Amino acid sequence: MDIMNADFLIELIRTTTNMYAHGWDERNGGNISVLLDEKEAGKYLDLTNVIRTIPTGFTAKELDGKIFLVTGTGKYFKNVQYDPAKNLGVVRLAEKGAKAELLWGLTDGGSFTSEFPAHMMSHVSRLAADPESRVVMHCHPANLLAMSFVHSLDEREFTRTLWRMCTECVIVFPDGVNVLPWMLCGTNEIGEATAEKMKTARLCVWAQHGVYGAGRSLDETFGLIETAEKAAEIYLKIAHLPVLNTITDGEMRLIEKRYGVKTREGYLD
Ligand code: 13P
Ligand code: ZN
């Protein structure tokens, strides 16, 4: 079957296009990785045909043999829809994650995203927390980024501010938002630090850079980032104004009860 008809590919093309339209992915900003079901990938690809092998520079034995659809490094999200095979790739991790076998795409000889370590290490953390986790998404949404310049980076405080900005935030991300201080991107170090943060929450802000989200589907992960970004936008609209009304911790407890969500331990007073 033609991979251009694969739901996983169509969804990723739509998602990158939508993220660009939201202004989250200027130039080559942002990257996505999706864990594919081997059987599903096998319907479209000859899994014995390795086009080339790319060293990853790290190991992740938990992901050995796993297949991912990923965005390429230096590729523009706005262009993915016009040439998916050049801008995206399907890779299978081998040799305990030290190598990635290219099964499809990256037709111009390119490589997977420079943030591959953060993506793969985050998948390990999220799969341990939720076996149905499939997606890791990184982008540069302006309001979360701006907020990281003017708000305390204390994770509890950062989370509580966002929760207070829209009633539904606490339902969408009851696990909160973790925060990494500025670090050099594209390295194993930021990958390891991100993965550590991903053990306790599905969102991690990279201060002065962007955000990481993780979830079971592209839609869910997009919605997670979209909700946090909207909350950050509201924060920036009101941060310089006298605040007369707010959502109290008691009211958030009511939301918890009504919607059956459990907020991160110790985050509500
Ligand atoms: P890539 O083009 O390598 O995916 O990098 C974009 C980016 O956002 C780096 O953090
Ligand atoms: Zn980035």
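Atoms within a ligand are numbered from 1 in the order they appear, just like the ligands themselves. Along the sequence shown, the residues carry numbers beginning at 1. Note that the coordinates shown come from a computational prediction; the quantities given were computed from them, not determined experimentally.
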**OP:** For His140, take its heavy atoms, then give the atoms of ligand 1 lying under 4.0 Å from any of them.
**Re:** 8 (O)
Subject >> Heavy atoms from other residues, nucleotides or ligands near NZ of Lys230 exceed 12 (cutoff 6.0 Å) >> reply: no
Subject >> Parallel, tilted or perpendicular, as decided by the 30° and 60° cut-offs, for the rings of His209 and His140 >> reply: perpendicular
**OP:** With heavy atoms of Gly30 as the reference, note each atom of ligand 1 found under 4.0 Å away.
**Re:** 4 (O), 6 (C), 7 (C), 8 (O)
Original post:
Which atoms of ligand 1 sit under 4.0 Å from any heavy atom of Asn28?
Top reply: 1 (P), 2 (O), 5 (O), 6 (C)
Subject >> Pairwise side-chain contact, Leu35 with Leu69, heavy-atom cut-off 4.5 Å (strictly under) >> reply: no
Subject >> His138 neighbourhood, listing ligand 1 atoms whose heavy-atom distance to it stays under 4.0 Å >> reply: 8 (O), 10 (O)
**OP:** Give the atoms of ligand 1, by number and element, whose distance to some non-hydrogen atom of Thr113 is under 4.0 Å.
**Re:** 1 (P), 3 (O), 4 (O)
Original post:
What's the NE2-the Zn ion (ligand 2)-NE2 angle here (His209, His138), rounded to 10 degrees?
Top reply: 100°
Subject >> Trp163 ring center within less than 6.0 Å of Phe158 ring center >> reply: no
Original post:
Going by the angle between their ring planes, with limits at 30° and 60°, are Tyr44 and Phe8 parallel, tilted or perpendicular?
Top reply: perpendicular
Original post:
Going by the atom numbers of ligand 1, which of them fall below 4.0 Å from some non-hydrogen atom of Thr73?
Top reply: 1 (P), 2 (O), 3 (O)
**OP:** For Gly74, take its heavy atoms, then give the atoms of ligand 1 lying under 4.0 Å from any of them.
**Re:** 1 (P), 2 (O), 3 (O)
**OP:** Over 60° means perpendicular and under 30° means parallel, so classify the ring planes of Phe68 and His123, tilted if in between.
**Re:** tilted
Original post:
Any N or O on Trp206 sitting closer than 3.5 Å to an N or O of ligand 1?
Top reply: no
**OP:** May I ask you to check whether Gly29 has an N/O atom sitting below 3.5 Å from an N/O atom of ligand 1?
**Re:** no
Original post:
Any luck finding a side-chain donor-acceptor pair between Trp206 and Thr194 under 3.5 Å?
Top reply: yes
Original post:
Among all protein non-hydrogen atoms, which one is nearest to atom 10 (O) of ligand 1, and what is the separation to 0.1 Å?
Top reply: Glu115 OE2, 2.5 Å
Subject >> Which of the ligand 1 atoms, numbered from 1, are nearer than 4.0 Å to a heavy atom of His209 >> reply: 10 (O)
Subject >> Residue and atom name of the nearest protein heavy atom (relative to atom 7 (C) of ligand 1), distance in Å to one decimal >> reply: Asn31 ND2, 3.4 Å
Subject >> Nearest heavy atoms of Cys169 and Thr227, plus distance in Å >> reply: SG-CG2, 4.0 Å
**OP:** Kindly work out whether a path of hydrophobic side-chain contacts (I/L/V/M/F/W/Y, heavy atoms less than 4.5 Å apart) joins Tyr259 to Leu268.
**Re:** yes
Original post:
Can you tell me if an N/O/S atom from Cys185 lies under 2.8 Å from the Zn ion (ligand 2)?
Top reply: no
